[in-house]
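To start, the structure under review is shown below, and the notes come after it.
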There are 2 protein chains.
Amino acid sequence: MDVKTLCLGVLFFGDATGYEIRKACSEGMISHLYEAGYGSIYPALAQLSGTGLVTCTEMAQDGRPDKKVYSLTEAGRQALIESLREPPAHDRIRSEFMFGLLFSQLLPNAEVGKRIDERIAWYRDGLERMRTCLGHDMAPGAQFVTGYGIAVYEAAANYLETHRDTLIRTLSQSEDTVEEQPAREAVGR
Amino acid sequence: MDVKTLCLGVLFFGDATGYEIRKACSEGMISHLYEAGYGSIYPALAQLSGTGLVTCTEMAQDGRPDKKVYSLTEAGRQALIESLREPPAHDRIRSEFMFGLLFSQLLPNAEVGKRIDERIAWYRDGLERMRTCLGHDMAPGAQFVTGYGIAVYEAAANYLETHRDTLIRTLSQSEDTVEEQPAREAVGR
DNA sequence: AGGGACATGTAATTAGTTACATGATTGT
DNA sequence: ACAATCATGTAACTAATTACATGTCCCT
(Lines give C-alpha, C1' and ligand atoms only; values in the text may rest on other atoms or scores of the structure.)
Protein backbone atom coordinates (compact mmCIF):
# COMPACT_ATOMS: atom_id res chain seq x y z
CA MET A 1 0.00 0.00 0.00
CA ASP A 2 1.41 3.34 -0.98
CA VAL A 3 0.61 7.02 -0.94
CA LYS A 4 -1.62 6.65 -4.00
CA THR A 5 -3.97 4.40 -2.06
CA LEU A 6 -3.77 6.80 0.84
CA CYS A 7 -4.99 9.59 -1.43
CA LEU A 8 -7.78 7.45 -2.83
CA GLY A 9 -8.82 6.69 0.71
CA VAL A 10 -8.96 10.31 1.76
CA LEU A 11 -10.87 11.21 -1.38
CA PHE A 12 -13.38 8.47 -0.65
CA PHE A 13 -14.59 10.58 2.26
CA GLY A 14 -14.99 13.60 0.02
CA ASP A 15 -13.35 15.79 -2.59
CA ALA A 16 -10.19 17.53 -1.49
CA THR A 17 -7.19 19.50 -2.69
CA GLY A 18 -3.64 18.23 -2.34
CA TYR A 19 -3.20 20.70 0.47
CA GLU A 20 -6.19 19.31 2.33
CA ILE A 21 -5.06 15.74 1.82
CA ARG A 22 -1.67 16.58 3.24
CA LYS A 23 -3.34 18.23 6.21
CA ALA A 24 -5.38 15.10 6.88
CA CYS A 25 -2.20 13.00 6.64
CA SER A 26 0.04 15.12 8.81
CA GLU A 27 -2.24 16.79 11.34
CA GLY A 28 -5.65 15.18 11.02
CA MET A 29 -6.91 11.84 12.26
CA ILE A 30 -5.23 9.91 9.50
CA SER A 31 -1.80 11.12 10.59
CA HIS A 32 -2.06 8.67 13.49
CA LEU A 33 -2.28 5.79 11.03
CA TYR A 34 -0.33 6.84 7.98
CA GLU A 35 1.72 9.99 7.51
CA ALA A 36 2.62 11.70 4.27
CA GLY A 37 3.97 15.05 3.16
CA TYR A 38 3.66 17.24 0.05
CA GLY A 39 6.59 15.54 -1.61
CA SER A 40 4.74 12.26 -1.84
CA ILE A 41 1.15 13.45 -2.13
CA TYR A 42 1.41 15.80 -5.11
CA PRO A 43 3.22 13.31 -7.35
CA ALA A 44 0.76 10.60 -6.29
CA LEU A 45 -2.17 12.81 -7.21
CA ALA A 46 -0.63 13.60 -10.59
CA GLN A 47 -0.25 9.90 -11.29
CA LEU A 48 -3.79 9.08 -10.17
CA SER A 49 -5.06 11.85 -12.40
CA GLY A 50 -3.11 10.44 -15.32
CA THR A 51 -4.57 6.97 -14.88
CA GLY A 52 -8.12 8.24 -14.47
CA LEU A 53 -8.59 7.17 -10.88
CA VAL A 54 -9.30 10.74 -9.86
CA THR A 55 -10.47 13.83 -11.69
CA CYS A 56 -9.11 17.27 -11.09
CA THR A 57 -11.18 20.46 -11.21
CA GLU A 58 -9.22 23.68 -11.26
CA MET A 59 -10.92 26.44 -9.32
CA ALA A 60 -9.79 30.02 -9.72
CA GLN A 61 -9.60 31.89 -6.46
CA ASP A 62 -9.60 35.54 -5.46
CA GLY A 63 -5.96 36.34 -4.88
CA ARG A 64 -4.72 32.90 -3.80
CA PRO A 65 -3.32 30.52 -6.42
CA ASP A 66 -5.72 28.24 -8.20
CA LYS A 67 -7.15 25.37 -6.21
CA LYS A 68 -7.14 21.90 -7.68
CA VAL A 69 -9.97 19.92 -6.24
CA TYR A 70 -9.65 16.18 -6.74
CA SER A 71 -12.55 13.73 -6.87
CA LEU A 72 -12.59 9.97 -6.82
CA THR A 73 -13.88 8.40 -10.02
CA GLU A 74 -15.73 5.08 -10.12
CA ALA A 75 -12.51 3.48 -11.37
CA GLY A 76 -10.71 5.05 -8.43
CA ARG A 77 -13.28 3.69 -6.05
CA GLN A 78 -12.77 0.23 -7.47
CA ALA A 79 -9.00 0.57 -7.27
CA LEU A 80 -9.33 1.58 -3.62
CA ILE A 81 -11.49 -1.44 -2.87
CA GLU A 82 -9.02 -3.70 -4.63
CA SER A 83 -6.09 -2.30 -2.65
CA LEU A 84 -7.95 -2.64 0.62
CA ARG A 85 -8.90 -6.20 -0.17
CA GLU A 86 -5.35 -7.50 -0.12
CA PRO A 87 -4.08 -8.44 3.31
CA PRO A 88 -2.67 -5.46 5.18
CA ALA A 89 1.08 -5.34 5.68
CA HIS A 90 2.41 -5.54 9.19
CA ASP A 91 2.38 -2.24 11.07
CA ARG A 92 5.52 -0.20 10.65
CA ILE A 93 6.45 1.67 13.77
CA ARG A 94 9.43 3.82 14.60
CA SER A 95 9.37 5.44 17.99
CA GLU A 96 12.53 7.28 18.87
CA PHE A 97 10.80 8.37 22.04
CA MET A 98 10.35 4.80 23.28
CA PHE A 99 13.71 3.70 21.97
CA GLY A 100 15.35 6.52 23.89
CA LEU A 101 13.58 5.58 27.11
CA LEU A 102 15.02 2.11 26.79
CA PHE A 103 18.33 3.76 27.62
CA SER A 104 17.04 6.25 30.15
CA GLN A 105 19.93 5.34 32.43
CA LEU A 106 22.19 7.11 29.94
CA LEU A 107 20.12 10.30 29.99
CA PRO A 108 19.87 13.01 32.67
CA ASN A 109 16.85 12.34 34.86
CA ALA A 110 15.42 15.78 34.11
CA GLU A 111 15.49 15.00 30.40
CA VAL A 112 13.66 11.73 30.93
CA GLY A 113 10.99 13.48 32.96
CA LYS A 114 10.63 16.23 30.40
CA ARG A 115 10.19 13.78 27.54
CA ILE A 116 7.56 11.80 29.37
CA ASP A 117 5.66 14.95 30.29
CA GLU A 118 5.72 16.17 26.72
CA ARG A 119 4.45 12.84 25.52
CA ILE A 120 1.62 12.84 28.02
CA ALA A 121 0.61 16.31 26.83
CA TRP A 122 0.75 15.09 23.24
CA TYR A 123 -1.55 12.16 24.01
CA ARG A 124 -3.97 14.39 25.91
CA ASP A 125 -4.09 16.75 22.97
CA GLY A 126 -4.76 13.91 20.57
CA LEU A 127 -7.47 12.59 22.85
CA GLU A 128 -9.23 15.94 22.87
CA ARG A 129 -9.25 16.14 19.09
CA MET A 130 -10.50 12.59 18.74
CA ARG A 131 -13.25 13.11 21.27
CA THR A 132 -14.51 16.25 19.55
CA CYS A 133 -14.53 14.59 16.15
CA LEU A 134 -16.40 11.62 17.54
CA GLY A 135 -20.12 12.27 17.64
CA HIS A 136 -20.23 14.07 14.29
CA ASP A 137 -21.74 11.48 12.03
CA MET A 138 -18.98 9.42 10.53
CA ALA A 139 -18.59 6.13 8.72
CA PRO A 140 -18.80 3.09 11.04
CA GLY A 141 -15.16 2.23 10.34
CA ALA A 142 -13.99 5.72 11.14
CA GLN A 143 -15.92 5.61 14.37
CA PHE A 144 -14.39 2.30 15.32
CA VAL A 145 -10.89 3.48 14.53
CA THR A 146 -11.36 6.70 16.48
CA GLY A 147 -12.64 4.77 19.48
CA TYR A 148 -9.62 2.53 19.21
CA GLY A 149 -7.31 5.52 19.13
CA ILE A 150 -8.95 6.96 22.21
CA ALA A 151 -8.66 3.69 24.12
CA VAL A 152 -5.00 3.27 23.23
CA TYR A 153 -3.94 6.87 23.84
CA GLU A 154 -5.74 6.88 27.14
CA ALA A 155 -3.97 3.74 28.27
CA ALA A 156 -0.64 5.15 27.12
CA ALA A 157 -1.10 8.49 28.86
CA ASN A 158 -2.27 6.80 32.04
CA TYR A 159 0.68 4.44 32.10
CA LEU A 160 3.14 7.26 31.61
CA GLU A 161 1.48 9.30 34.32
CA THR A 162 1.35 6.54 36.89
CA HIS A 163 4.85 5.19 36.26
CA ARG A 164 6.77 8.35 35.50
CA ASP A 165 7.88 9.03 39.05
CA THR A 166 8.73 5.40 39.80
CA LEU A 167 11.07 5.36 36.82
CA ILE A 168 12.82 8.55 37.87
CA ARG A 169 13.18 7.24 41.42
CA THR A 170 14.61 3.92 40.25
CA LEU A 171 16.97 5.77 37.96
CA SER A 172 18.22 7.98 40.82
CA GLN A 173 18.84 4.96 43.00
CA SER A 174 20.83 2.91 40.52
CA GLU A 175 22.76 6.03 39.56
CA ASP A 176 24.85 6.10 42.74
CA THR A 177 25.06 2.30 43.11
CA VAL A 178 28.21 2.45 40.95
CA GLU A 179 27.86 1.13 37.43
CA GLU A 180 26.24 -2.25 37.06
CA GLN A 181 26.46 -4.72 34.21
CA PRO A 182 23.33 -4.40 32.11
CA ALA A 183 21.58 -7.71 31.53
CA ARG A 184 21.99 -9.09 28.05
CA GLU A 185 19.03 -11.42 27.86
CA ALA A 186 16.68 -8.57 28.72
CA VAL A 187 16.47 -7.39 25.13
CA GLY A 188 17.30 -10.38 22.94
CA ARG A 189 13.76 -11.62 23.00
CA MET B 1 18.30 8.53 14.34
CA ASP B 2 19.21 5.73 11.98
CA VAL B 3 19.98 2.04 11.95
CA LYS B 4 23.53 2.70 13.15
CA THR B 5 22.21 4.11 16.40
CA LEU B 6 19.81 1.20 16.60
CA CYS B 7 22.75 -1.20 16.43
CA LEU B 8 24.71 0.74 19.04
CA GLY B 9 21.66 0.56 21.27
CA VAL B 10 21.27 -3.18 20.93
CA LEU B 11 24.98 -3.67 21.53
CA PHE B 12 24.76 -1.56 24.68
CA PHE B 13 22.80 -4.41 26.24
CA GLY B 14 25.44 -6.93 25.27
CA ASP B 15 27.62 -8.23 22.46
CA ALA B 16 25.78 -9.66 19.50
CA THR B 17 26.13 -10.85 15.92
CA GLY B 18 24.40 -9.15 13.01
CA TYR B 19 22.01 -12.05 12.95
CA GLU B 20 21.11 -11.58 16.60
CA ILE B 21 20.68 -7.84 16.17
CA ARG B 22 18.32 -8.41 13.29
CA LYS B 23 16.39 -10.89 15.39
CA ALA B 24 16.01 -8.34 18.17
CA CYS B 25 14.83 -5.77 15.62
CA SER B 26 12.35 -7.91 13.77
CA GLU B 27 11.03 -10.43 16.29
CA GLY B 28 12.28 -9.33 19.71
CA MET B 29 11.08 -6.56 21.98
CA ILE B 30 12.77 -3.84 19.99
CA SER B 31 10.74 -4.72 16.90
CA HIS B 32 7.79 -3.01 18.56
CA LEU B 33 9.73 0.28 18.61
CA TYR B 34 12.03 0.19 15.63
CA GLU B 35 12.22 -2.43 12.91
CA ALA B 36 15.17 -3.26 10.70
CA GLY B 37 16.23 -6.07 8.39
CA TYR B 38 19.52 -7.56 7.21
CA GLY B 39 19.80 -5.12 4.36
CA SER B 40 20.17 -2.19 6.71
CA ILE B 41 21.86 -3.83 9.69
CA TYR B 42 24.88 -5.43 8.02
CA PRO B 43 25.95 -2.27 6.18
CA ALA B 44 25.43 -0.26 9.38
CA LEU B 45 27.61 -2.67 11.32
CA ALA B 46 30.34 -2.46 8.70
CA GLN B 47 30.30 1.32 8.92
CA LEU B 48 30.37 1.32 12.71
CA SER B 49 33.28 -1.07 12.60
CA GLY B 50 35.11 1.22 10.20
CA THR B 51 34.69 4.24 12.44
CA GLY B 52 35.73 2.39 15.57
CA LEU B 53 32.40 2.59 17.37
CA VAL B 54 32.22 -1.19 17.56
CA THR B 55 34.78 -3.97 17.40
CA CYS B 56 34.28 -7.22 15.59
CA THR B 57 35.56 -10.58 16.77
CA GLU B 58 35.40 -13.39 14.27
CA MET B 59 34.59 -16.72 15.83
CA ALA B 60 35.09 -19.91 13.92
CA GLN B 61 32.27 -22.38 14.36
CA ASP B 62 31.87 -26.09 13.90
CA GLY B 63 30.23 -26.43 10.52
CA ARG B 64 28.29 -23.17 10.43
CA PRO B 65 29.87 -20.12 8.81
CA ASP B 66 32.03 -17.88 10.96
CA LYS B 67 30.25 -15.76 13.51
CA LYS B 68 31.10 -12.09 13.82
CA VAL B 69 30.46 -10.92 17.32
CA TYR B 70 30.25 -7.16 17.67
CA SER B 71 31.02 -5.21 20.85
CA LEU B 72 30.41 -1.59 21.71
CA THR B 73 33.62 0.40 22.26
CA GLU B 74 33.85 3.33 24.66
CA ALA B 75 33.65 5.65 21.63
CA GLY B 76 30.54 3.78 20.53
CA ARG B 77 29.01 4.20 23.95
CA GLN B 78 29.66 7.92 23.78
CA ALA B 79 28.21 8.14 20.28
CA LEU B 80 25.09 6.34 21.50
CA ILE B 81 24.69 8.77 24.39
CA GLU B 82 25.15 11.70 22.04
CA SER B 83 22.51 10.38 19.65
CA LEU B 84 20.07 9.73 22.45
CA ARG B 85 20.59 13.21 23.84
CA GLU B 86 19.14 14.98 20.86
CA PRO B 87 15.37 15.36 20.94
CA PRO B 88 13.59 12.29 19.58
CA ALA B 89 11.85 12.65 16.22
CA HIS B 90 8.11 12.30 16.12
CA ASP B 91 6.86 8.70 16.03
CA ARG B 92 6.46 7.31 12.55
CA ILE B 93 3.54 4.97 12.25
CA ARG B 94 2.07 3.17 9.29
CA SER B 95 -0.79 0.87 10.06
CA GLU B 96 -2.42 -0.63 7.02
CA PHE B 97 -4.61 -2.62 9.37
CA MET B 98 -6.13 0.49 10.92
CA PHE B 99 -6.24 2.34 7.64
CA GLY B 100 -8.15 -0.55 6.13
CA LEU B 101 -10.67 -0.59 8.96
CA LEU B 102 -11.40 3.06 8.24
CA PHE B 103 -13.06 1.77 5.09
CA SER B 104 -14.58 -1.37 6.55
CA GLN B 105 -17.83 -0.55 4.77
CA LEU B 106 -16.02 -1.39 1.53
CA LEU B 107 -14.87 -4.80 2.79
CA PRO B 108 -16.86 -8.00 3.27
CA ASN B 109 -17.95 -8.26 6.89
CA ALA B 110 -16.27 -11.63 7.28
CA GLU B 111 -12.98 -10.10 6.22
CA VAL B 112 -13.31 -7.31 8.77
CA GLY B 113 -14.02 -9.84 11.51
CA LYS B 114 -11.10 -12.00 10.47
CA ARG B 115 -8.68 -9.10 10.50
CA ILE B 116 -9.76 -7.96 13.92
CA ASP B 117 -9.49 -11.49 15.30
CA GLU B 118 -6.02 -11.90 13.88
CA ARG B 119 -4.98 -8.62 15.38
CA ILE B 120 -6.32 -9.57 18.79
CA ALA B 121 -4.35 -12.82 18.63
CA TRP B 122 -1.25 -10.87 17.66
CA TYR B 123 -1.62 -8.55 20.63
CA ARG B 124 -2.20 -11.46 22.99
CA ASP B 125 0.90 -13.15 21.68
CA GLY B 126 2.94 -9.99 22.17
CA LEU B 127 1.56 -9.61 25.67
CA GLU B 128 2.64 -13.11 26.59
CA ARG B 129 6.19 -12.49 25.39
CA MET B 130 6.41 -9.19 27.21
CA ARG B 131 5.10 -10.64 30.42
CA THR B 132 7.59 -13.49 30.42
CA CYS B 133 10.51 -11.18 29.70
CA LEU B 134 9.42 -8.87 32.50
CA GLY B 135 10.70 -10.08 35.85
CA HIS B 136 14.10 -11.15 34.51
CA ASP B 137 16.34 -8.38 35.76
CA MET B 138 16.46 -5.66 33.17
CA ALA B 139 17.53 -2.05 32.96
CA PRO B 140 14.99 0.37 34.50
CA GLY B 141 14.27 1.90 31.10
CA ALA B 142 13.64 -1.48 29.52
CA GLN B 143 11.30 -2.35 32.34
CA PHE B 144 9.40 0.89 31.91
CA VAL B 145 9.09 0.44 28.17
CA THR B 146 7.93 -3.15 28.55
CA GLY B 147 5.31 -2.10 31.06
CA TYR B 148 4.18 0.57 28.66
CA GLY B 149 3.91 -1.96 25.86
CA ILE B 150 1.82 -4.25 28.02
CA ALA B 151 -0.52 -1.45 29.04
CA VAL B 152 -1.02 -0.31 25.46
CA TYR B 153 -1.42 -3.75 23.92
CA GLU B 154 -3.86 -4.74 26.61
CA ALA B 155 -5.99 -1.67 25.97
CA ALA B 156 -5.85 -2.28 22.23
CA ALA B 157 -6.82 -5.95 22.49
CA ASN B 158 -9.61 -5.17 24.91
CA TYR B 159 -11.03 -2.47 22.70
CA LEU B 160 -11.00 -4.72 19.68
CA GLU B 161 -12.63 -7.50 21.62
CA THR B 162 -15.39 -5.40 23.12
CA HIS B 163 -16.21 -3.44 19.95
CA ARG B 164 -15.71 -6.04 17.26
CA ASP B 165 -19.27 -7.28 17.21
CA THR B 166 -20.79 -3.82 17.42
CA LEU B 167 -18.84 -2.78 14.33
CA ILE B 168 -19.95 -5.83 12.37
CA ARG B 169 -23.54 -5.26 13.41
CA THR B 170 -23.46 -1.59 12.41
CA LEU B 171 -21.87 -2.55 9.12
CA SER B 172 -24.60 -5.11 8.38
CA GLN B 173 -27.31 -2.56 9.13
CA SER B 174 -26.00 0.25 6.94
CA GLU B 175 -25.31 -2.28 4.19
CA ASP B 176 -28.99 -2.68 3.25
CA THR B 177 -29.94 0.94 3.98
CA VAL B 178 -28.96 1.77 0.39
CA GLU B 179 -25.79 3.80 -0.06
CA GLU B 180 -25.45 6.88 2.11
CA GLN B 181 -23.26 9.92 1.59
CA PRO B 182 -20.22 9.58 3.82
CA ALA B 183 -19.54 12.70 5.85
CA ARG B 184 -16.63 14.76 4.60
CA GLU B 185 -15.75 16.64 7.74
CA ALA B 186 -15.35 13.38 9.62
CA VAL B 187 -11.80 12.90 8.38
CA GLY B 188 -10.51 16.38 7.60
CA ARG B 189 -9.53 17.00 11.17
C1' DA C 1 13.74 -35.12 1.68
C1' DG C 2 12.34 -30.82 3.00
C1' DG C 3 11.91 -26.87 5.84
C1' DG C 4 13.61 -23.90 9.19
C1' DA C 5 17.17 -21.89 11.94
C1' DC C 6 21.81 -20.26 11.83
C1' DA C 7 24.94 -17.08 9.44
C1' DT C 8 26.73 -13.20 6.23
C1' DG C 9 26.62 -10.21 2.87
C1' DT C 10 25.63 -7.25 -1.86
C1' DA C 11 23.08 -4.86 -5.50
C1' DA C 12 19.22 -2.91 -7.50
C1' DT C 13 15.25 -0.73 -6.86
C1' DT C 14 11.70 1.85 -4.60
C1' DA C 15 9.93 5.01 -1.76
C1' DG C 16 9.83 8.79 0.79
C1' DT C 17 11.97 12.94 2.95
C1' DT C 18 13.96 17.48 2.66
C1' DA C 19 14.92 21.41 0.60
C1' DC C 20 13.96 24.54 -2.87
C1' DA C 21 10.89 27.82 -5.45
C1' DT C 22 6.85 31.22 -5.38
C1' DG C 23 3.35 34.22 -3.68
C1' DA C 24 -1.04 36.45 -1.71
C1' DT C 25 -3.86 36.98 2.38
C1' DT C 26 -5.04 37.25 7.09
C1' DG C 27 -4.28 37.75 11.71
C1' DT C 28 -1.08 39.42 15.79
C1' DA D 1 6.41 43.97 10.38
C1' DC D 2 6.20 39.08 11.02
C1' DA D 3 4.33 34.67 11.24
C1' DA D 4 0.97 31.58 9.84
C1' DT D 5 -2.30 29.70 6.53
C1' DC D 6 -3.54 28.70 2.01
C1' DA D 7 -1.76 26.70 -2.27
C1' DT D 8 1.20 23.97 -5.76
C1' DG D 9 4.84 21.78 -7.33
C1' DT D 10 9.99 19.82 -8.48
C1' DA D 11 14.60 17.98 -7.78
C1' DA D 12 18.06 15.97 -5.23
C1' DC D 13 19.02 13.04 -1.92
C1' DT D 14 18.73 9.46 1.65
C1' DA D 15 17.31 5.50 3.43
C1' DA D 16 15.37 1.26 3.54
C1' DT D 17 13.24 -2.84 1.30
C1' DT D 18 13.61 -6.74 -1.64
C1' DA D 19 15.76 -9.97 -4.01
C1' DC D 20 19.76 -12.36 -4.86
C1' DA D 21 23.71 -15.40 -3.53
C1' DT D 22 25.65 -19.33 -0.53
C1' DG D 23 25.98 -23.04 2.70
C1' DT D 24 25.51 -26.31 6.95
C1' DC D 25 23.04 -28.43 10.56
C1' DC D 26 19.09 -30.33 12.86
C1' DC D 27 14.51 -31.85 13.30
C1' DT D 28 10.36 -34.17 11.46
Side-chain angles (χ1 to χ4, degrees), chain A residues 1-7 10 15-28 30-31 33-50 54 56-70 83 89-96 99 188-189, chain B residues 1-7 10 15-28 30-31 33-50 54 56-70 83 89-96 99 188-189:
Chain A
M1 215 202 91
D2 58 359
V3 181
K4 288 205 288 285
T5 310
L6 178 68
C7 292
V10 175
D15 298 350
T17 64
Y19 187 81
E20 288 172 319
I21 294 175
R22 183 227 138 227
K23 232 182 129 184
C25 305
S26 67
E27 300 168 48
I30 292 183
S31 71
L33 315 175
Y34 201 122
E35 280 190 280
Y38 292 128
S40 42
I41 289 170
Y42 281 118
L45 245 18
Q47 249 188 282
L48 291 170
S49 208
V54 302
C56 171
T57 314
E58 245 154 307
M59 285 178 137
Q61 276 190 132
D62 46 313
R64 285 195 206 75
D66 287 6
K67 236 189 208 183
K68 285 189 177 180
V69 179
Y70 292 91
S83 287
H90 195 247
D91 284 15
R92 202 161 297 177
I93 301 165
R94 178 152 306 182
S95 177
E96 292 193 13
F99 183 79
R189 345 181 54 225
Chain B
M1 214 202 90
D2 58 1
V3 181
K4 288 205 288 284
T5 309
L6 178 67
C7 292
V10 175
D15 298 350
T17 64
Y19 188 81
E20 288 172 319
I21 293 175
R22 183 228 138 227
K23 233 182 129 185
C25 304
S26 68
E27 300 168 47
I30 291 183
S31 71
L33 315 174
Y34 202 123
E35 280 189 280
Y38 292 129
S40 41
I41 289 171
Y42 281 119
L45 245 18
Q47 249 187 283
L48 291 170
S49 209
V54 301
C56 171
T57 314
E58 245 154 309
M59 285 178 137
Q61 276 190 132
D62 46 314
R64 287 196 205 73
D66 287 6
K67 234 189 207 184
K68 286 189 176 179
V69 180
Y70 292 91
S83 288
H90 194 249
D91 284 15
R92 202 160 296 180
I93 301 165
R94 178 153 305 182
S95 176
E96 291 193 14
F99 183 79
R189 23 171 20 234

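Hydrogens, waters and symmetry mates play no part in the numbers below; they use all other heavy atoms, side chains included. Order of the sequence lines fixes the chain letters, A, B, ..., with proteins taken first and strands second; residue numbering starts at 1 for each chain.
Smallest separation of non-hydrogen atoms from A36(B) and V3(B): CB-CG1, 4.4 Å. G18(A) and L45(A) make their closest contact through CA-CD2, 3.6 Å (heavy atoms, listed as atom of the first residue, atom of the second, distance).
The phosphate of dT17(C) (OP1 or OP2) has a side-chain N or O of S40(A) nearer than 4.0 angstrom. For the OP1/OP2 pair of dC6(D) and a distance below 4.0 Å, the side-chain nitrogens and oxygens of T17(A) include no atom meeting the criterion.
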Please test L6(A) against I30(A) for side chain to side chain contact (heavy atoms under 4.5 Å, CB included), starting from the C-alpha separation and ending with a verdict.
-> CA-CA 9 Å; L6(A) 178 68; I30(A) 292 183; 3.9 Å; yes
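Minimum atom distance to the side chain of Y42(B) is reached by dA7(C), of the listed dC6(C), dG16(C), dA7(C). Closest to the side chain of K67(B), out of dA7(C), dT10(D), dT8(D), is dA7(C). The D2(A) side chain lies nearest to dG16(C) when the options are dT17(C), dG16(C), dT8(C). Considering only the side chain of R94(A), dA16(D) comes nearest among dT8(C), dC6(D), dA16(D). For Y19(B), taking side-chain heavy atoms from C-beta onward, the closest of the listed nucleotides dA5(C), dT5(D), dG9(D) is dA5(C).
For I21(B) and dA16(D), the CD1 to P distance is 15 Å, given to the nearest whole Å. Y38(A) places its OH atom 14 Å from the P atom of dT18(C), with the value rounded to the nearest Å. Regarding I41(A), its CD1 atom lies at a distance of 11 Å from the P atom of dT8(D), rounded to whole Å.
Between C7(A) and V54(A) the shortest side-chain heavy-atom distance does not fall below 4.5 Å.
Counting any heavy atom pair closer than 4.0 Å across all strands shown, G18(B) reaches sugar-phosphate atoms only and no base atom.
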